[in-house]
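For this chain, numbers begin at 1 and follow the sequence in order. Indexing begins at 1, ligand by ligand and atom by atom, following the structure's order.
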Amino acid sequence: MRVLSAMQPSGQLHLGNYFGSMKPNLELSEKADESLFFIVDLHALTTIHDPKLLRQMMSDAIRDYLAVGFDPEKTVIFLQSQVPAHTELAWILSTVTPMGLLERAVSYKEKVEKGISATAGLFTYPVLMAADILLYNADKVPVGKDQKQHVEMTRDIAIKFNNAFGETLTVPEPVIQEVVAVVPGIDGQKMSKSYGNAIPLFGDEKQTQKIIMSIVTDSKDKDDPKDPKTCVIYQIHKLFLDASAAKALAEEYKDGLPYGEAKKRLFQTYMDYFAPMRATRAALKDKDVESVLREGAAKATGIAEGTMERVRKAVGLR
Ligand code: ADP
Ligand code: TRP
């Protein structure tokens with residue numbers, strides 16, 4: 001089984017990214033016969049037009065992923081733009097992709113509503129993503145709920161291609177971890193870097209404590225029974241726990257655990273859990289990631305070229 005995951009460089013990582021994407025990706029990668037992970041810098045160009053910022057975000061993102069446990073000995077780690085076959089395959093796929101399919105993409109509409117320029121690149125974003133996945137014959141693609149539609153579009157595009165040119169591309173499956181489908185932010189909405197409600201992974205310790213202490217709650221009194229189902233502190237805390245510990249904690253909420261105390265405990269759990277990763281990230285601060293990327297790109301190119309030979313032959317290119 002080959003598992004593939006990819007991510008946009010996204011600035012400061014938060015718990016939503018970690019529990020919704022990085023952790024399940026890591027776990028799946030560990031179970032896979034083979035795993036690939038890359039940062040999609042070409043996709044990032046749909047929103048970032050600042051070369052210095054893009055370069056900084058790329059190296060930071062690679063360091064972040066190394067710090068949370070992605071291991072270049074086990075996972076092929078590289079940047080999308082290092083393997084030009086991504087764009088070549090994207091073009092070929094665009095010739096079998098119906099306009100209607102792209103017009104139905106929710107994320108395009110959402111991005112345009114948020115004020116991102118409606119460029120051709122943004123519109124065809126899902127085709128490049130399909131190329132990312134199909135190039136490596138990935139069986140499983142772990143993604144957050146928001147990316148499910150993109151993987152379904154990838155499946156549609158692969159099927160269209162295979163119908164037109166014969167069985168060439170592997171039709172992938174999205175893997176969504178339902179339990180942590182959406183991690184709430186400190187205001188109870190989906191945690192997102194753009195909503196100012198995120199708890200960072202590698203932020204300043206004091207600042208992070210302040211953020212956790214400011215999680216919104218209802219106005220129940222200190223000793224009143226609390227409802228873990230609707231309590232944001234609990235919803236975040238349980239991400240760190242196994243089922244039985246989560247159940248025990250829920251009982252404490254029902255028995256009236258005060259919110260202030262609950263937040264302190266969450267902060268302690270957060271620190272215990274992330275301390276090793278935070279230390280690794282600090283040690284990687286100025287590490288040169290070039291050699292990791294060079295090796296990863298060479299391996300990725302080997303796989304990608306195998307697919308491209310089949311694709312070029314199937315469509316009649318040399
Ligand atoms: P943001 O919303 O902060 O901009 P991104 O869109 O960069 O986050 O998300 C990158 C990855 O992290 C995606 O795979 C996404 O599904 C996952 N992710 C982000 N926020 C959350 C969340 N609140 N809950 C679960 N997964 C999330
Ligand atoms: N669109 C994904 C996101 O915003 C990033 C991405 C690009 C991706 N290509 C991919 C994810 C291929 C998985 C597989 O998070």
S.K.: With under 30° as parallel and over 60° as perpendicular, where do the rings of Tyr108 and Phe123 fit, or are they tilted in between?
M.R.: perpendicular
S.K.: Is Asp60 salt-bridged to Arg281, cutoff N-O under 4.0 Å?
M.R.: yes
S.K.: Show the atoms of ligand 2 that are less than 4.0 angstrom away from any heavy atom in Tyr125.
M.R.: 1 (N), 2 (C), 3 (C), 4 (O), 5 (C)
S.K.: Classify the ring geometry of Tyr273 against Phe240: parallel below 30°, tilted from 30° to 60°, perpendicular beyond 60°.
M.R.: perpendicular
S.K.: At what distance is the nearest protein heavy atom to atom 6 (C) of ligand 2, and which residue and atom is it?
M.R.: Met129 SD, 3.8 Å
S.K.: Which heavy atom of the protein is the closest neighbour of atom 9 (N) of ligand 2, given with residue, atom name and distance?
M.R.: Asp132 OD2, 2.6 Å
S.K.: For a quick check under 3.5 Å, do Ser194 and Ser192 share a side-chain donor-acceptor pair by atom type?
M.R.: yes
S.K.: Any idea which atoms of ligand 2 are less than 4.0 Å away from a heavy-atom of Leu4?
M.R.: 14 (C)
S.K.: Under 4.0 Å from any heavy atom of Ser21, which atoms of ligand 1 are there?
M.R.: 11 (C), 12 (O), 14 (O), 17 (C)
S.K.: Which atoms from ligand 2 have a heavy atom of Val40 less than 4.0 Å away?
M.R.: 7 (C), 9 (N)
S.K.: Can you find an N or O of Gly16 that's nearer than 3.5 Å to an N or O of ligand 1?
M.R.: yes
S.K.: Out of Leu15, Asp146, Val143, Asn25, whose heavy atom is nearest to atom 6 (O) of ligand 1?
M.R.: Asp146
S.K.: Please identify which atoms of ligand 1 are closer than 4.0 Å to at least one heavy atom of Gly20.
M.R.: 25 (C), 26 (N)
S.K.: Applying a strict 4.0 Å limit to heavy atoms, is Met22 in contact with ligand 1?
M.R.: no
S.K.: Would you check if Glu173 and Arg155 make a side-chain contact, meaning some heavy-atom pair closer than 4.5 Å?
M.R.: yes
S.K.: Could you check whether Arg265 pairs with Glu261 (Lys NZ or Arg NE/NH1/NH2 to Asp/Glu carboxylate O, under 4.0 Å)?
M.R.: yes
S.K.: Is Ile133 touching ligand 2 with its side chain, its backbone, both, or neither, if touching means heavy atoms under 4.0 Å apart?
M.R.: side chain
S.K.: Below a 4.0 angstrom heavy-atom separation, can you tell me which part of Gln80, side chain or backbone, both or neither, approaches ligand 2?
M.R.: neither
S.K.: Could you identify the single nearest non-hydrogen protein atom to atom 11 (C) of ligand 2 and state the distance to 0.1 Å?
M.R.: Ala6 O, 3.3 Å
S.K.: Is there a donor-acceptor contact under 3.5 Å linking the side chains of Tyr259 and Asp218?
M.R.: yes
S.K.: Does atom CZ of Arg312 have more than 12 heavy-atom neighbours, drawn from other residues, nucleotides or ligands, at distances under 6.0 Å?
M.R.: yes
S.K.: Do Tyr253 and His237 have ring centres separated by under 6.0 Å?
M.R.: no
S.K.: Atom 2 (C) of ligand 2: which protein heavy atom is closest, and how many Å away?
M.R.: Gln147 OE1, 3.2 Å
S.K.: Salt bridge between Glu27 and Lys23, side-chain N to carboxylate O under 4.0 Å?
M.R.: yes
S.K.: Taking distance alone, with no angle check, do Lys145 and ligand 1 share an N/O pair under 3.5 Å?
M.R.: no
S.K.: Show the atoms of ligand 1 that are less than 4.0 angstrom away from any heavy atom in Ser192.
M.R.: 1 (P), 2 (O), 3 (O), 4 (O)
S.K.: Which of the numbered atoms in ligand 1 are under 4.0 angstrom from any heavy atom belonging to Met191?
M.R.: 20 (N), 21 (C), 22 (C), 23 (N)
S.K.: Run the contact test for Gln8 against ligand 1 with a 4.0 Å cut-off on heavy atoms, strictly below, and give the result.
M.R.: no
S.K.: Does Asp223 offer a backbone N or O that forms a donor-acceptor pair with the side chain of Asp221 under 3.5 Å?
M.R.: no
S.K.: If I apply the N/O under 3.5 Å rule, does Ser194 come out as touching ligand 1?
M.R.: no
S.K.: Evaluating non-hydrogen atoms only, which member of Leu239, Asn17, Val183 is closest to atom 5 (P) of ligand 1?
M.R.: Asn17
S.K.: Salt bridge between Lys206 and Asp204, side-chain N to carboxylate O under 4.0 Å?
M.R.: no
